[in-house]
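Reminder, nothing fancy here: chain letters follow the sequence lines and each chain counts from 1.
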Amino acid sequence: MTEAADAHAPATLPKTYDPAATEARWQGAWEAAGAFRADPGAPGEPFSVVIPPPNVTGSLHMGHGFEAALIDTIVRFQRLQGRNVLCLPGTDHASIAVQTILEKQIRAEGGHKDDLGRDAFLERAWSWKAQSEGTIKGQMRRLGYSVDWSRERFTLDPDLSAAVVEAFVRLHEQGLIYRGEYLVNWCPASGSAVSDLEVEMKELEGQLWHFRYPLSDGAAGGIDHLVVATTRPETMLGDTGVAVHPTDPRYAALVGRTITLPLVGRAIPIVADEHVDPAFGTGCVKVTPAHDPNDFAIGARHGLPLITVMAKDGTMNEAAGRFAGLDRFEARKAVVAAMEAEGLLVKVEPHRHSVPYSDRGKVPVEPLLSTQWFVKTEPLAARCRDALERGEPRFVPERWARVYRDWLTDIRDWCISRQLWWGHRIPAWFVVSETDGVITETTPYVVARGEAEARARAEERFGAAAAAAGRALQLEQDPDVLDTWFSSGLWPFSTLGWPDETSADLATWYPTSTLVTGFDIIFFWVARMTMMAGAFLQEGEVPLGGRDTWIPFRDVMIHGLVRDENNRKMSKSAGNGIDPLPLIERYGADALRFALVREVAGAGQDIRLDYHRASGASSTVEAARNFANKLFNATRFALMNLGGETPASLGLPPLAELESEDRWLLSRLARTSAQAAELYAGYRLGEAAKLLYEFAWNDLCDQYIEWSKPRLAAEDPADRRVARGVLAYSLEALLRMLHPLMPHLTEELWHGLTGSSADTFLALQRWPQPEAAWVDAEHESAFQFGIDAVRAIRNLRALSGVKPAEKLSVGIHTATAARQAFVAANREKIARLVGAANLHWEPEPTAGQLLGIVDSDAQVGLTVPLQSLEALRSRLEKDLARAEKEIAGLAGRLANPNFAGKAPAEVVAECRENLAEAEAQAELARRRLKELG
RNA sequence: GCCCGAUUAGCUCAGCGGUAGAGCGCCUGCCUUACAAGCAGGAUGUCGCUGGUUCGAACCCGGCAUCGGGCACCA
């Protein structure tokens with residue numbers, strides 16, 4: 001109760017809002033109370049979100065902050081709607097990224113991971129993870145993320161690791177995982193294979209070397225050599241053929257003959273293959289099946305041998321002969337030099353081409369033949385495509401569905417093994433006793449859930465033969481780990497308890513309601529999750545557990561990226577990431593959240609945060625901070641004027657007792673509440689933010705509070721009680737509506753306003769339910785006249801140059817009885833708002849007044865010595881010009897017979913009204929100008 | 001090469017068939033006891049160009065230009 005008492009002692013409230021202490025206090029209170037702990041048994045329709053787990057690679061940047069703001073806004077809104085909400089946090093182990101960081105650290109210390117050994121390295125990785133995770137969780141708390149920390153997960157947690165093993169075993173049993181020797185993207189920097197998605201094509205200025213390859217057995221048809229072009233001379237050492245197009249007349253006679261490969265001396269065949277473009281270069285292509293994906297395909301078609309000339313560290317191997325040991329780029333120079341020395345270099349041309357780079361390693365990837373594990377993707381992708389045909393999942397904005405679908409079409413198999421240590425070890429055990437104690441391409445293996453199961457399975461298959469041969473079975477687990485995205489792909493169900501199908505969390509919250517993520521990981525993650533779900537959350541075509549779908553989320557909201565002040569994508573490697581913390585410290589988490597969300601109204605567009613790196617200032621966030629301060633002061637004002645009462649104690653007065661501004665505000669409130677709910681629910685969060693901003697600042701503060709001020713301080717208790725009731729009710733409703741966007745501030749102000757005890761939270765209240773019947777266009781337009789009249793009078797005052805403090809005699813002239821009644825009823829309020837000594841309202845203006853136009857039916861007048869006729873004249877001329885321009889346009893339209901004939905009747909009627917209005921205004925302006933002489 | 005997005009006030013962006021809005025910035029005047037992180041008043045745009053559809057286009061359709069992004073990739 002001390003809290004409420006404090007809140008109701010306005011003298012103690014400062015004039016500006018200080019977010020830091022307030023935000024920390026509520027974050028602590030929510031967490032201590034377990035306010036966001038989800039309960040499968042709780043009432044309400046389930047609503048769930050699993051947050052995209054950030055990598056434990058350091059800290060969160062503004063992009064994460066943006067995503068957090070979006071997710072938390074959605075989640076808090078749904079909580080206010082009474083849904084049984086789960087918002088599940090977690091982090092991702094980010095195999096290759098973390099290992100890269102650690103290896104770099106170790107190298108900087110002068111060591112090497114191989115000297116450290118696997119166990120020590122992993123120990124170090126875990127401590128890095130603990131530190132990074134701590135930082136990230138601290139940042140999430142600072143943002144006010146309303147997640148259920150009791151359900152926090154990390155992808156390497158024991159239960160999630162068990163899920164990974166289970167997934168691997170089942171996919172293997174389904175025949176969707178296989179092991180084989182293929183050309184993979186090898187990243188020499190990380191010493192591991194990477195998937196196609198981890199390769200980025202870079203356009204580079206390179207060179208095209210033309211080599212002469214002599215025919216083995218002399219000239220044929222006048223040709224004794226072929227010229228091939230290559231961007232990678234060093235690979236010629238592994239050439240096992242030369243290809244020409246089957247219909248190319250120049251070379252038809254040569255197909256089937258052989259070339260003697262220079263520098264190597266190997267005889268290699270000339271083959272005919274459709275892949276060759278006769279128009280490019282000489283129309284002859286060297287074929288290096290072990291070092292180029294296209295050549296690999298050509299080689300396969302023609303049975304060409306695979307000769308690997310490079311080792312996994314990017315140096316040439318023994319098969320490269322005298323070039324062995326050279327780095328691939330040195331080897332390139334050496335091969336070119338050798339060819340030139342032999343007179344076989346025809347020419348070198350500059351050549352722009354795309355080079356595959358490793359995303360993580362930042363070096364060119366090497367297509368390298370190696371034995372890896374793969375997921376057969378087509379069957380899984382097919383299920384996802386079918387689901388998408390049915391509209392599952394629903395993408396917001398819709399256009400991303402196509403991007404997702406296109407990627408799932410013509411999808412290639414997914415290389416999932418990584419030659420790394422940090423990650424989920426592949427649950428496959430090689431029966432090395434079958435191959436002399438070492439792992440080779442042909443060593444048999446068993447896939448199992450653990451070593452014991454592996455041993456049992458191995459025993460079953462190889463035990464008898466081994467015993468017969470007098471060998472003891474010897475098992476060795478595959479040293480490699482799985483692609484990080486393999487475990488991320490299970491995230492929406494592994495975090496909910498899968499593979500335990502009886503898990504209450506899974507039963508309650510799967511499928512999840514909404515996935516919020518960036519367009520840059522639709523392939524990496526969204527598609528992998530749907531594919532994995534397709535393998536495990538359905539049986540045949542039927543979703544498990546009696547669900548209506550196995551797709552892991554109903555909606556996928558795709559957001560844009562936060563770009564830096566120079567419009568660049570933020571990234572760790574570019575070092576241009578913006579840290580949210582300094583902005584939070586400077587302006588408050590609520591301000592940052594509000595700014596980020598308000599900026600996003602254009603669905604799915606990238607946002608640019610204006611941010612002056614040197615000063616740390618951001619005018620966008622500052623504007624949001626100012627808004628927070630406005631709300632703070634509005635509430636402060638309310639507390640000073642409610643006489644210690646609360647929304648509950650005041651209640652809402654009967655409609656019959658309400659005055660114009662009360663009815664107007666409640667009508668606006670009812671509209672706003674309905675609209676804002678619709679916008680939030682439809683993920684149009686930026687529009688919701690703008691709508692509420694306008695309601696709060698324009699309607700509640702600028703209009704309602706200013707109009708009702710005299711009543712709030714009125715002598716008569718009955719009188720002021722009505723205004724207090726309306727103010728308290730509306731402000732409280734506003735705080736509820738803004739809570740998803742600015743959780744801490746609204747929680748604080750709500751407690752101040754309602755006097756609720758510290759263990760009751762706005763976060764757990766309900767969305768306001770104003771009566772739909774309060775929406776009343778007539779009351780709104782009646783009051784709008786008051787607003788317009790006040791503005792016209794103030795404008796006139798400004799033009800007249802009278803001192804602001806000077807009280808004037810003011811007239812409002814209208815022939816409409818209802819408007820006269822409005823002025824009469826609100827005389828004191830209006831007089832106060834415009835600084836009038838007395839306010840009168842006759843139908844027609846009296847002589848000697850300075851007049852201004854409200855509309856065709858109303859003028860306002862000041863009795864004032866004319867000081868600046870010029871200002872007034874130019875104002876009237878402007879009014880006239882505007883009216884005349886409007887008349888011209890409207891009259892033109894009405895004169896068009898097609899318009900009257902084809903446009904909807906109400907549009908035509910409106911047009912006529914506007915024309916009459918404009919004509920009347922023009923006439924008034926002309927008269928006033930004439931009077932001015 | 002294929003696909004997608006953007007182009008609106010000085011800046012950052014909303015609006016997406018009935019004749020243009022916000023925030024910041026700018027101009028004028030105000031410390032009017034909720035708020036100067038504020039109040040009042042004000043100015044500012046051939047809505048990228050070009051055809052078309054329509055009674056009517058910033059908004060729909062076609063083309064073009066510029067910028068950004070994704071996918072594929074010929075040595």
Side-chain angles (χ1 to χ4, degrees), chain A residues 10 13 15-17 201 208-210 228-232 235 243 275-277 279-288 292-295 351 353-354 356 397 399-400 402-403 406-407 410 519-520 522-523 560-561 563 567 569 587 591 595 598-602 604-610 619-620 622-641 686-687 690 693-694 701-702 705-706 709 790-791 794-799 801 803-805 832-835 871 875 878 886 889-890 893-894 896-904 906-908 910-911 914:
Chain A
L13 280 181
K15 289 175 102 174
T16 53
Y17 172 57
M201 301 305 272
L208 196 56
W209 286 270
H210 295 252
V228 297
T230 181
T231 54
R232 306 194 51 206
T235 64
H275 173 261
V276 180
D277 175 4
F280 187 90
T282 57
C284 301
V285 182
K286 64 190 266 305
V287 183
T288 324
D292 182 278
N294 287 312
D295 293 5
H351 182 66
H353 65 140
S354 302
R399 64 188 154 90
W400 293 108
R402 245 181 76 182
V403 176
D406 289 351
W407 188 74
D410 295 326
F519 63 78
D520 53 332
I522 291 177
F523 309 145
L561 273 26
R563 317 201 79 102
N567 209 18
K569 180 174 164 175
Y587 300 112
R598 192 173 187 271
E599 288 302 312
V600 79
Q605 292 305 322
D606 287 356
I607 66 172
R608 191 189 317 200
L609 188 71
D610 73 310
S619 65
T620 307
E622 186 180 313
R625 187 274 314 258
N626 292 352
F627 178 55
N629 189 234
K630 188 72 179 176
L631 289 169
F632 175 82
N633 273 292
T635 306
R636 185 163 153 256
F637 173 82
L639 295 180
M640 293 163 92
N641 286 276
E687 288 174 70
K690 280 176 193 165
Y693 179 97
E694 282 165 17
C701 293
D702 288 350
I705 288 182
E706 293 306 327
K709 262 178 185 169
V790 165
R791 178 163 298 142
R794 285 168 168 172
N795 178 243
L796 213 52
R797 279 194 71 124
L799 291 171
K803 293 205 177 71
R832 184 182 153 276
L833 291 171
V834 300
R875 174 66 203 221
K878 197 160 258 172
E886 210 180 331
L890 292 167
R893 280 164 72 189
L894 286 164
N896 182 345
N898 284 326
F899 177 67
K902 296 191 179 174
E906 67 265 25
V907 172
V908 178
E910 195 189 332
C911 192
N914 290 344

Inter-residue atom distance A/Arg797.CZ - A/Asn795.CG, 0.5 Å rounding
12.0 Å
Of B/rG18, B/rC30, B/rA14, the nucleotide closest to the side chain of A/Pro804 is B/rC30
Can you check whether A/Lys630 has a side-chain N or O nearer than 4.0 Å to OP1 or OP2 of B/rC39?
yes
In terms of heavy-atom contacts, A/Asn629 and A/Thr16 come closest through ND2-CA, 3.3 Å
For A/Ile705, report the nucleic acid contact type (base, sugar-phosphate, nothing); a contact means any heavy atom under 4.0 Å.
base
Pick base, sugar-phosphate or nothing for A/Ala903, based on heavy-atom distances below 4.0 Å to the nucleic acid.
base
Give a yes or no on whether the backbone of A/Leu561 and the side-chain of A/Asp606 come within a donor-acceptor separation of less than 3.5 Å.
yes
Give A/Thr231 one of three labels, base, sugar-phosphate or nothing, depending on what nucleic acid heavy atoms sit under 4.0 Å from its own.
sugar-phosphate
Looking only at the side chain of A/Pro904 (C-beta and beyond, no hydrogens), which of the listed nucleotides B/rC55, B/rC35, B/rG41 gets closest?
B/rC55
Side-chain contact test, heavy atoms from C-beta onward, threshold under 4.5 Å: evaluate it for A/Glu687 versus A/Lys690 and give yes or no.
no
Closest-nucleotide mapping onto RNA chain B: is A/Asp610 or A/Glu910 further toward the 5' terminus? I mean the 5' end.
A/Asp610
Under 4.0 Å between a side-chain N/O of A/Arg791 and OP1 or OP2 of B/rG41, yes or no?
yes
Should the pair A/Phe523 and A/Trp407 be assigned to parallel (<30°), tilted (30 to 60°) or perpendicular (>60°) ring geometry?
parallel
Check: A/Glu706 side chain, B/rA34 base, donor-acceptor under 3.5 Å:
yes
Among B/rA43, B/rG15, B/rG70, which nucleotide sits nearest the side chain of A/Lys878?
B/rA43
Counting only side-chain heavy atoms from C-beta out, which of B/rA34, B/rG41, B/rC13 sits nearest to A/Lys690?
B/rC13
Assess whether side chain to side chain contact (heavy atoms under 4.5 Å, CB included) is satisfied between A/Asn641 and A/Lys709, documenting all intermediate values.
CA-CA 9 Å; A/Asn641 286 276; A/Lys709 262 178 185 169; over 6 Å; no
Between B/rC13, B/rC35, B/rA34, which one does the side chain of A/Arg608 approach most closely?
B/rC13
Does A/Asn633 make a side-chain N or O approach to OP1 or OP2 of B/rA37 shorter than 4.0 Å?
no
Compare side-chain N and O positions of A/Asn626 against OP1 and OP2 of B/rG38 and report whether any pair is under 4.0 Å apart.
yes
Could you check how far NZ of A/Lys902 sits from P of B/rU53, rounded to whole Å?
12 Å
I want to verify a distance call: between B/rC35, B/rU19, B/rG42, whose nearest atom is closest to the A/Asn795 side chain?
B/rG42
With a 4.0 Å cut-off on heavy atoms, is A/Cys701 in touch with a base, just the backbone sugar-phosphate, or nothing at all?
base
Would you mind classifying the nucleic acid contact of A/Phe627 as base, sugar-phosphate or nothing, using non-hydrogen atoms under 4.0 angstrom?
nothing
For A/Ala798 and A/Ser619, find the nucleotide of RNA chain B closest to each by heavy atoms; which residue's nucleotide sits nearer the 5' end?
A/Ser619
Stepwise side-chain hydrogen bond (donor to acceptor under 3.5 Å, both in side chains) test for A/Arg636 and A/Asn633:
CA-CA 5 Å; A/Arg636 185 163 153 256; A/Asn633 273 292; 2.7 Å; yes
Just to be sure I understand the rule, does A/Ala634 reach a base, reach only the sugar-phosphate, or reach nothing, if contact means heavy atoms closer than 4.0 Å?
base
Which part of the nucleic acid, if any, lies within contact of A/His351, taking any heavy atom under 4.0 Å across all strands shown: a base, the sugar-phosphate backbone alone, or nothing?
sugar-phosphate
A/Ile705 and A/Phe637, any side-chain heavy atoms less than 4.5 Å apart
yes
For B/rC4, does either OP1 or OP2 sit under 4.0 Å from a side-chain N or O belonging to A/Arg402?
yes
Hey, does the side chain of A/Lys15 come within less than 4.0 Å of B/rA36's phosphate (OP1/OP2), counting only N and O?
yes
So what does A/Val276 touch, heavy atoms closer than 4.0 Å: a base, only the sugar-phosphate, or nothing?
base
With heavy atoms under 4.0 Å as the rule, sort A/Thr16 into base, sugar-phosphate or nothing.
base
What is the nucleic acid contact for A/Val907, judged by heavy atoms within less than 4.0 Å: base, sugar-phosphate only, or nothing?
base
Does A/Arg875 reach a base, just sugar-phosphate, or nothing at all? Heavy atoms under 4.0 Å.
sugar-phosphate
Could you write out RNA chain B as a dot-bracket string, with dots for unpaired bases, | for bases paired across to another strand, and Watson-Crick or G-U pairs counted at under 3.5 Å?
((((((((.[[[[.)..(..]]]].(((((.......))))).....[[[[[..)....]]]]])))))))....
Can you tell me if the side-chain N/O atoms of A/Arg625 get under 4.0 Å from OP1 or OP2 in B/rA37?
no
